[in-house]
Amino acid sequence: MSLQVDNIHSYYGKSHILQGVSLNVPEGSVVTLLGRNGAGKSTTLKSIAGVIAPKAGSIRLQSRDITGQPAHKIAAMGVCLVPEHRGIFKLLTVEENLKLGARRQSPWQLEDIYRIFPRLKERRRNGGGQLSGGEQQMLAIGRALMNHPRVLMLDEPVEGLAPVIVEEIVAQIKLIKQAGVTILLVEQNLEVCTQLADHHFIIEQGAIVYEGTNAAFLADDAIKDRYLGVGV
Ligand SMILES: Nc1ncnc2c1ncn2[C@@H]1O[C@H](COP(=O)(O)OP(=O)(O)OP(=O)(O)O)[C@@H](O)[C@H]1O
Ligand SMILES: [Mg+2]
């Protein structure tokens, strides 16, 4: 399913955080939302997921308007957010965490998740709180897949992880894309972003300041320097 965000404004109390964010995620593509700390990336994902309700603008899934719907309804339509701090239940086992996301009609069932992430199978009886950061991320992605996502939003999925784990997760995200899932990715690791994405958006102070194809973005060092502060 495609996702269209049109000119949304979101607030925390009186703080006006998103000041007209528009972005388009075509069906089956990987799109990144980049930007510095505090720019509004997580707030954008939360607004799409219905965790916070935008006060203006619209969000459409395929052609259906989902603006202002509660989070559980948006999730039931197939929009799945894997949040920044992963939302793992520490006192439940790995398998119990996975089963919480399960839906009978999902193409990803427990055994599929264990095939994709063999580490989770090894640790199936461990508590969520006993996992490494990388294993927690795998668990969060696995649980999202069991929920049959049509649009998967990943908030900093490789932050703080060792390079070998990052590679493993990137490889699995590629396979998830190949399975036809539309992906909106927030990530600070530009190498990961450019390996995965078709298109990039950059947000600054709650507004989109750049968009471009992966090829255009790769070729444009000035953009990376100006908006992301990565001297290249
Ligand atoms: N629950 C909240 N209540 C009030 N203000 C918030 C809340 N969460 C975030 N903010 C503020 O909203 C702005 C955008 O935050 P957001 O979390 O969307 O940034 P981000 O781009 O995801 O940053 P980071 O890269 O650090 O994760 C920041 O100024 C932040 O301080
Ligand atoms: Mg964030």
Side-chain angles (χ1 to χ4, degrees), residues 3-25 30-59 66-72 74-75 79-88 133-134 136-141 143-144 149 151-161 165-166 169-170 173 182-197 199-212 217 223-232:
L3 176 72
Q4 282 112 6
V5 176
D6 188 19
N7 200 24
I8 57 168
H9 289 254
S10 294
Y11 294 71
Y12 292 112
K14 286 191 173 140
S15 317
H16 188 180
I17 304 295
L18 299 189
Q19 311 198 359
V21 170
S22 300
L23 53 88
N24 184 20
V25 190
V30 177
V31 167
T32 66
L33 179 61
L34 307 170
R36 296 177 202 258
N37 292 122
K41 304 179 298 294
S42 298
T43 304
T44 301
L45 300 190
K46 286 189 236 171
S47 300
I48 295 167
V51 177
I52 60 176
K55 286 206 178 146
S58 75
I59 302 170
I66 62 168
T67 321
Q69 294 286 326
H72 71 273
I74 292 177
V79 177
C80 201
L81 170 62
V82 177
E84 222 163 342
H85 297 104
R86 299 165 189 149
I88 298 300
Q136 284 182 33
Q137 189 61 56
M138 292 172 195
L139 178 54
I141 294 174
R143 188 171 66 193
V151 176
L152 182 62
M153 300 192 289
L154 300 169
D155 198 348
E156 307 208 24
V158 302
E159 204 226 325
L161 304 182
I165 306 291
V166 171
I169 289 175
V170 167
I173 295 174
T182 303
I183 298 174
L184 178 55
L185 172 67
V186 166
E187 182 47 60
Q188 311 259 5
N189 181 329
L190 285 190
E191 202 179 311
V192 165
C193 290
T194 52
Q195 270 189 63
L196 288 168
H199 206 90
H200 304 278
F201 288 85
I202 300 178
I203 184 171
E204 193 170 75
Q205 292 177 16
I208 300 294
V209 290
Y210 170 87
E211 73 164 290
F217 179 74
I223 285 293
K224 298 184 197 96
D225 190 31
R226 178 158 161 211
Y227 293 121
L228 306 172
V230 283
V232 251

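For ligands, and for the atoms within them, numbers begin at 1 and follow the listed sequence. When a residue number appears, it is its place in the shown sequence, counting from 1.
- For the residue pair G20 and N7, the shortest heavy atom distance occurs at CA-OD1, 3.2 Å.
- Here the protein heavy atom with the shortest distance to atom 25 (O) of ligand 1 is K41 NZ, 2.7 Å.
- At a cut-off of 2.8 Å, S42 is counted among the residues with an N, O or S atom near the Mg ion (ligand 2).
- Near E84, with a cut-off below 4.0 Å to any heavy atom, the atoms of ligand 1 are 27 (O).
- In the candidate list A39, G40, S10, S42, S42 is nearest to atom 17 (O) of ligand 1, counting heavy atoms.
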side-chain contact (heavy atoms from CB on, under 4.5 Å) evaluation trace for R226 with E204: CA-CA 11 Å; R226 178 158 161 211; E204 193 170 75; over 6 Å; no
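- Residue contacts with ligand 1: G35 is excluded, as none of its non-hydrogen atoms falls under 4.0 Å.
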Verdict with supporting geometry, T32 and E187, side-chain contact (heavy atoms from CB on, under 4.5 Å): CA-CA 7 Å; T32 66; E187 182 47 60; over 6 Å; no
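- The two residues P149 and A144 have their closest heavy-atom pair at CD-O, 3.2 Å.
- Residue contact check: N37 has heavy atoms under 4.0 Å from atoms 23 (O), 24 (P), 25 (O), 26 (O) of ligand 1.
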Chi angles and distances behind the side-chain contact (heavy atoms from CB on, under 4.5 Å) call for F217, I202: CA-CA 10 Å; F217 179 74; I202 300 178; 4.1 Å; yes
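- Here the protein heavy atom with the shortest distance to atom 28 (C) of ligand 1 is G38 O, 3.6 Å.
- The closest protein non-hydrogen atom to atom 12 (O) of ligand 1 is I17 CD1, 3.3 Å.
- Between H16 and H9, the two ring planes are tilted [angle within 30° to 60°].
- The shortest side-chain heavy-atom distance between L45 and K41 does not fall under the 4.5 Å cut-off.
- Short contacts between ligand 1 and R36, defined as distances under 4.0 Å to a heavy atom of the residue, involve ligand atoms 21 (O).
- Side-chain contact of T43 with S10: a donor-acceptor pair under 3.5 Å is absent, judged by distance alone.
- Atoms of ligand 1 lying under 4.0 Å from any heavy atom of E156, numbered from 1 in the order shown and given with element: 25 (O), 27 (O).
- When only non-hydrogen protein atoms are considered, atom 6 (C) of ligand 1 lies nearest to Y12 CD1, 3.2 Å.
- Put simply, the side chain of N37 reaches to within 4.5 Å of the side chain of Q188, judged on heavy atoms.
- With ligand atoms numbered from 1 in the order given, ligand 1 contributes 14 (C), 15 (O), 16 (P), 18 (O) to contacts under 4.0 Å with heavy atoms of T43.
- For atom 31 (O) of ligand 1, the nearest protein heavy atom lies 4.0 Å away or farther.
- Atoms of ligand 1 lying under 4.0 Å from any heavy atom of Q188, numbered from 1 in the order shown and given with element: 25 (O).
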